[in-house]
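Working notes for the structure below.
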Amino acid sequence: LSIHQHADSIYPYLGREKDSSKRMRYYETRLWVTDKEYIEIFREAVSKFIDDVRPDVIAVSAGFNTYYKDVFFGTVSKVKNQRTYLKMGRMLNVKADEVGAGIFGVLEGGYWIDELGSLACNFLRGFSPEEKEPLPDVVNEGHAR
């Protein structure tokens, strides 16, 4: 599963949604994608793919270059809330638990060094037992989904 900026505008210019298959799915985001939009895409993509594939192990290539301050992708993104990454981690954790999959991650991208640690920590907090409460719905913040 790959969620990335529109394939025509960023290297390696691959991963158009029409090229998806049963075992590989591509989701393209628009330029200047917002936190709300990114979480909606992530929620739909991750849930559907994990439900369809039912993996034994989930490997995450965590790219924090979606953050709006990042010198690469971030300059065309409006992902500004660091809790967005916590929500993504939480969603992955919940789905892994649902299907009984192990999960691990590697740092793939993120070039805004001043806040990279905070972004990564937010993501990892999504796997913490203390974060078991339902996440607020991104569309209607404050209402459990």
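When hydrophobic clusters are built by joining Ile, Leu, Val, Met, Phe, Trp and Tyr residues whose side-chain heavy atoms come closer than 4.5 Å, directly or via intermediates, V99 is not grouped with F104. Taking hydrophobic clusters as Ile, Leu, Val, Met, Phe, Trp and Tyr residues chained together by side-chain heavy-atom distances below 4.5 Å, I58 does not share a cluster with M24. Note on V60: it does not cluster hydrophobically with V94, by side-chain heavy-atom contacts below 4.5 Å among ILVMFWY residues.
Here CG of L119 is found 9.0 Å from CE of M88. Values are rounded to the nearest 0.5 Å. Between the NZ atom in K48 and the CG atom in L1 there is a gap of 11.5 Å [rounded to 0.5 Å]. Annotation: the span from M91 atom CE to K87 atom NZ amounts to 8.0 Å, rounded to 0.5 Å. To the nearest 0.5 Å, atoms CG (L124) and CG (N93) are separated by 11.0 Å. Distance check, rounded to the nearest 0.5 Å: OH of Y38 to OG1 of T29 gives 6.5 Å.
Only one option out of V33, V79, T84 pairs with I39 in a side chain to side chain contact (heavy atoms under 4.5 Å, CB included); it is T84.
For E115 and Y67, the side-chain atoms include at least one donor-acceptor pair closer than 3.5 Å. Side-chain contact check for T66 and Y85: at least one donor-acceptor pair (N or O, by modelled atom type) lies under 3.5 Å.
The shortest heavy-atom contact between G110 and L116 is O-CD2, 3.5 Å. Heavy-atom minimum distance, R54 versus E98: NH2-O, 4.3 Å. Residues R16 and Y26 come closest through the heavy atom pair O-CD1, 3.5 Å. The shortest non-hydrogen separation linking A120 to F64 is CA-CZ, 3.6 Å. Looking at every heavy atom in both residues, K69 comes nearest to W112 through O-CE3, 3.3 Å. Annotation for A101 and P55: closest pair CB-O, 3.3 Å, computed over non-hydrogen atoms.
In this structure, the side chains of R83 and R125 come closer than 4.5 Å at one or more pairs of heavy atoms.
Put simply, the side chain of E17 gets close to the backbone of E28: a donor and an acceptor are under 3.5 Å apart. Judged by distance alone, with hydrogens and angles left aside, the side-chain atoms of N122 form a donor-acceptor pair with the main-chain N or O of S118 at under 3.5 Å. Between the side chain of D35 and the main chain of K80, a donor-acceptor pair closer than 3.5 Å is present. Remark: side-chain polar atoms of E37 are paired, donor with acceptor, to backbone N or O of T34 under 3.5 angstrom.
Cation-pi check for K78 over Y68 is not met; the charged atom does not lie both under 6.0 angstrom from the ring centroid and within 45 degrees of its normal.
With sequence neighbours excluded, no residue forms a side chain to side chain donor-acceptor pair (under 3.5 Å) with S47.
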- Item | CA sep, side-chain torsions, deciding dist, call: E40, F42, side-chain contact (heavy atoms from CB on, under 4.5 Å) | CA-CA 5 Å; E40 288 171 353; F42 192 88; over 6 Å; no
- Going through the checks in order, is the side-chain contact (heavy atoms from CB on, under 4.5 Å) test met by I103 and V57? CA-CA 6 Å; I103 189 166; V57 176; over 6 Å; no
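Using a 4.0 Å cut-off between a side-chain N of Lys or Arg and a carboxylate O of Asp or Glu, D52 and K22 do not qualify as a salt bridge.
Annotation for D114: atom CG counts as buried by contact number, over 12 foreign heavy atoms lying within 6.0 Å.
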